[in-house]
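Values below: all heavy atoms of this structure, side chains included; hydrogens, waters and symmetry mates excluded.
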Amino acid sequence: MGDSVFCADLGALGACERPAPLHSPTSTQPNPKPSPSRIKIFEGSTHRRCNCRDPKSGKPLGKSCPKLTSRKHGSYSIRQELPPREGGTRRSFSRAGYESLKAAQADLDLIRALLGLSDADDPEGLAQIAELLEKVADEKAPLPNVEETRRRLSHGLDLTSRLTVGDWLDMWLAGKKGRPSAISRDEGNIRLHLKPRIGHLRLDRLRVSHLSAMFEAIAEANVDITEGNATRRRAIEDLAEIPWKGRAHRARRQVLKAAIAEMGPFRRIVTPGTRQRIRSTLRAALNAAIAQQLITFNPAAHVELEAGKRPKALVWTEERILHWKRTGEKPSPVMVWTPEHTGVFLDHVAEDRLYALWHLIVFRGLRRGEACGQRWTDTHLDDGRITVAKQLVVHGWEVYEDDPKTDAGARTIALDSDTVRALKRHRIQQDADREEWGSAWAETGRVFTKENGEMLHPANVTRRFIELCEEIDLPPIRLHDLRHGAATLAHAAGADLKDIQEMLGHSSIAITADTYTSLLPETDRAIAEAAARLVPRARPTKPTTANEGYTEPDEPPEPNPML
């Protein structure tokens with residue numbers, strides 16, 4: 001048949017009038033002209049009509065309206081024939097209400113350009129475009145962009161999809177497999193941050209600018225959260241200072257209590273590290289959407305965020321303890337006891353039923369879940385070593401057994417003689433408990449259990465550690481900080497970073513170097529002295545005398561009588 005052209009009844013279009021350049025509410029591109037090899041023969045036309053009626057009969061005048069000679073009278077409509085449905089029934093795109101012929105013709109040209117996107121030997125692609133146009137007409141939605149439609153068609157994407165980000169996140173989360181704790185973290189990121197802020201957006205129209213705006217809004221919300229927390233905290237402090245007795249005092253307390261009740265609860269700010277995890281969740285979900293050919297671009301991979309830095313572990317020196325007692329502020333979220341502090345703690349808990357657990361974490365740096373999940377079959381006291389093969393993980397409040405976090409987490413650790421003796425005494429006590437409970441004993445095979453043999457709940461272990469610390473006058477640390485302390489002690493004893501990495505089960509030595517090795521003051525001072533001794537000096541440094549460097553202060557100036 002050769003090259004084909006669209007057959008269009010131009011109706012009211014005059015011989016001297018030519019189609020106007022394309023103008024569409026959804027596109028600012030130049031007038032699209034489909035190549036002849038892609039054009040199909042589908043009739044299309046523009047019409048002008050008005051709502052005028054015959055004053056006598058009340059019937060529409062239609063084309064016989066005498067005012068239609070004026071181009072400003074009435075409105076224009078378009079109709080474009082679409083490829084028939086599978087059953088052979090006809091369908092078309094119709095739209096009315098155009099104020100000018102130019103606008104009507106522009107949309108008609110746009111529809112023709114969309115139909116021309118499909119190759120002549122691609123009936124499936126042509127059917128997709130027809131379904132898209134039919135849906136746009138039914139929903140009275142703006143016409144799609146030609147280039148965007150071309151891109152989606154070439155990548156095999158669904159042209160009629162209106163999937164939102166929130167819908168896809170729900171679908172992705174429902175099919176996600178992995179650790180329950182990781183799934184729970186993703187669920188929280190989606191529920192608290194992603195769906196409320198970008199869930200309404202079309203998945204295929206999500207852009208980097210949307211994500212930048214989302215994270216800026218989160219940062220701005222942090223300011224409101226900080227101010228709200230400070231206001232509530234001040235009100236509670238004011239309430240604590242009002243005496244209980246006296247009618248006026250009781251009235252003030254009642255008013256202040258009512259004001260506190262109307263305030264929002266204390267909330268946590270979204271830290272840079274949390275923002276990184278939010279982006280990680282979204283990035284994984286969008287990668288899955290790319291794999292299913294729903295989108296072709298992942299904006300989460302290109303949004304810039306502040307790096308979430310790991311907090312540095314600091315040792316509780318005398319100066320830091322004094323600052324904490326004066327202000328109540330910890331110098332760092334991660335604090336480490338000195339060897340003297342650790343010795344005081346171990347002496348205090350020597351008679352505690354879980355002493356061997358505390359001792360193992362203090363010197364060998366096991367994670368809480370690893371210590372609670374340690375099995376006797378993986379504990380070899382005669383050889384002085386243990387194999388970390390399982391851990392207990394908390395999901396909500398439920399506890400389940402799982403493999404270590406990483407491949408490096410499955411490791412064998414050497415034990416010192418004191419730890420071996422502590423574990424042997426613990427096994428003797430457990431055997432006695434087993435005999436005392438008899439048939440009621442729950443055999444779990446765990447090294448550390450409840451008195452009846454049941455597994456320990458890791459959260460209860462943390463609670464017990466806090467109780468023991470509160471019984472003695474030591475600066476506060478977390479249970480996990482004992483792990484940091486084990487790395488510090490090992491480093492002070494001469495272990496290099498590779499040894500400490502293997503002991504702690506880190507997948508990267510950078511984690512060990514950046515977070516877990518805080519030099520003890522004594523070790524730091526010894527290194528400084530050793531470095532100073534490496535430089536040969538012809539003249540030895542003079543010892544400092546008591547009065548050296550001391551200068552008598554000048555006489556105070558005479559007071560000025562004019563001041």
Side-chain angles (χ1 to χ4, degrees), residues 1-11 13 19-47 49 76-98 101 103-164 167-168 202-205 289 292-296:
M1 180 180 295
D3 292 346
S4 304
V5 296
F6 282 96
C7 176
D9 178 13
L10 298 182
L13 184 62
L22 174 63
H23 176 74
S24 171
T26 60
S27 174
T28 58
Q29 59 197 5
N31 189 18
K33 295 183 181 297
S35 60
S37 62
R38 293 173 176 261
I39 298 177
K40 316 296 186 297
I41 300 178
F42 299 112
E43 293 185 353
S45 60
T46 60
H47 303 277
R49 62 180 64 183
Y76 291 86
S77 60
I78 61 174
R79 182 183 181 279
Q80 175 65 54
E81 193 76 16
L82 300 178
R85 299 181 179 88
E86 291 185 2
T89 57
R90 298 179 62 183
R91 55 182 168 181
S92 63
F93 181 99
S94 298
R95 179 164 290 183
Y98 294 96
L101 176 61
Q105 188 63 45
D107 271 10
L108 186 60
D109 290 342
L110 178 55
I111 294 170
R112 292 172 176 176
L114 291 167
L115 290 170
L117 291 177
S118 176
D119 293 322
D121 58 350
D122 184 17
E124 182 180 349
L126 186 60
Q128 279 189 281
I129 295 174
E131 291 175 6
L132 171 64
L133 290 171
E134 192 174 25
K135 187 171 184 177
V136 167
D138 292 341
E139 297 177 354
K140 295 182 174 56
L143 287 170
N145 180 275
V146 174
E147 290 305 319
E148 181 181 349
T149 306
R150 187 198 310 276
R151 176 182 57 80
R152 292 172 62 83
L153 188 66
S154 64
H155 286 85
L157 304 182
D158 183 6
L159 301 184
T160 61
S161 173
R162 296 295 184 270
L163 194 65
T164 65
D167 293 336
W168 171 247
R202 280 255 305 266
L203 178 64
D204 58 327
R205 294 182 179 176
Q292 296 195 20
Q293 296 187 334
L294 297 176
I295 57 175
T296 60

Measure the spacing between [atom1] of [X] and [atom2] of [Y] and express it to the nearest 0.5 Å.
X	Y	atom1	atom2	answer
Glu147	Leu117	CD	CG	8.0 Å
Tyr76	Gln105	OH	CD	11.0 Å
Ser92	Ile111	OG	CD1	10.0 Å
Arg90	Arg85	CZ	CZ	11.0 Å

Does any non-hydrogen side-chain atom of [Y] lie less than 4.5 Å from one of [X]?
X	Y	result
Arg202	Leu163	no
Ile78	Ser94	no
Leu115	Gln80	yes
His47	Ser45	yes
Asp204	Leu294	no

Ala141: side-chain contact (heavy atoms from CB on, under 4.5 Å) partners, not counting sequence neighbours: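 Val136, Glu139.
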
By side-chain contact (heavy atoms from CB on, under 4.5 Å), which residues pair with Ala137, not counting sequence neighbours?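 Here the qualifying residues are Phe93.
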
What pairs with Arg91 under salt bridge (Lys or Arg N to Asp or Glu O under 4.0 Å), at least two apart in sequence or on another chain?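 Residues passing salt bridge (Lys or Arg N to Asp or Glu O under 4.0 Å) with Arg91: Glu134.
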
Salt bridge (Lys or Arg N to Asp or Glu O under 4.0 Å) against Arg49, all qualifying residues, sequence neighbours excluded: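 Here no residue qualifies.
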
Using the side-chain contact (heavy atoms from CB on, under 4.5 Å) rule, take Leu133 and Leu143 through it: C-alpha gap first, then chi angles, then the decisive distance, then the call. CA-CA 8 Å; Leu133 290 171; Leu143 287 170; 4.2 Å; yes

Could you check whether any side-chain N or O of Thr149 sits under 3.5 Å from a backbone N or O of Asn145, counting only pairs where one atom can act as donor and the other as acceptor?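 Yes; judged by distance alone, with no hydrogens or angles, the pair exists.
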
For the side chain of Ser118 and the backbone of Leu126, is there at least one donor-acceptor N/O pair under 3.5 Å apart?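 Answer holds: yes.
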
For Arg79, side-chain hydrogen bond (donor to acceptor under 3.5 Å, both in side chains) partners two or more places apart: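 In terms of side-chain hydrogen bond (donor to acceptor under 3.5 Å, both in side chains), with neighbours along the sequence ignored, Arg79 is linked to Glu81.
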
Thr164: what forms a side-chain hydrogen bond (donor to acceptor under 3.5 Å, both in side chains) with it, not counting sequence neighbours?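 By the side-chain hydrogen bond (donor to acceptor under 3.5 Å, both in side chains) rule, Thr164 matches Asp167.
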
What is the minimum heavy-atom distance between Pro83 and Ala130, and which atoms define it?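 Between these two residues, the closest heavy atoms are CD-CB, 3.7 Å.
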
Which atom pair, heavy atoms only, marks the closest approach of Pro144 to Leu132?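 What the structure gives for the nearest pair is CG-CD2, 3.7 Å.
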
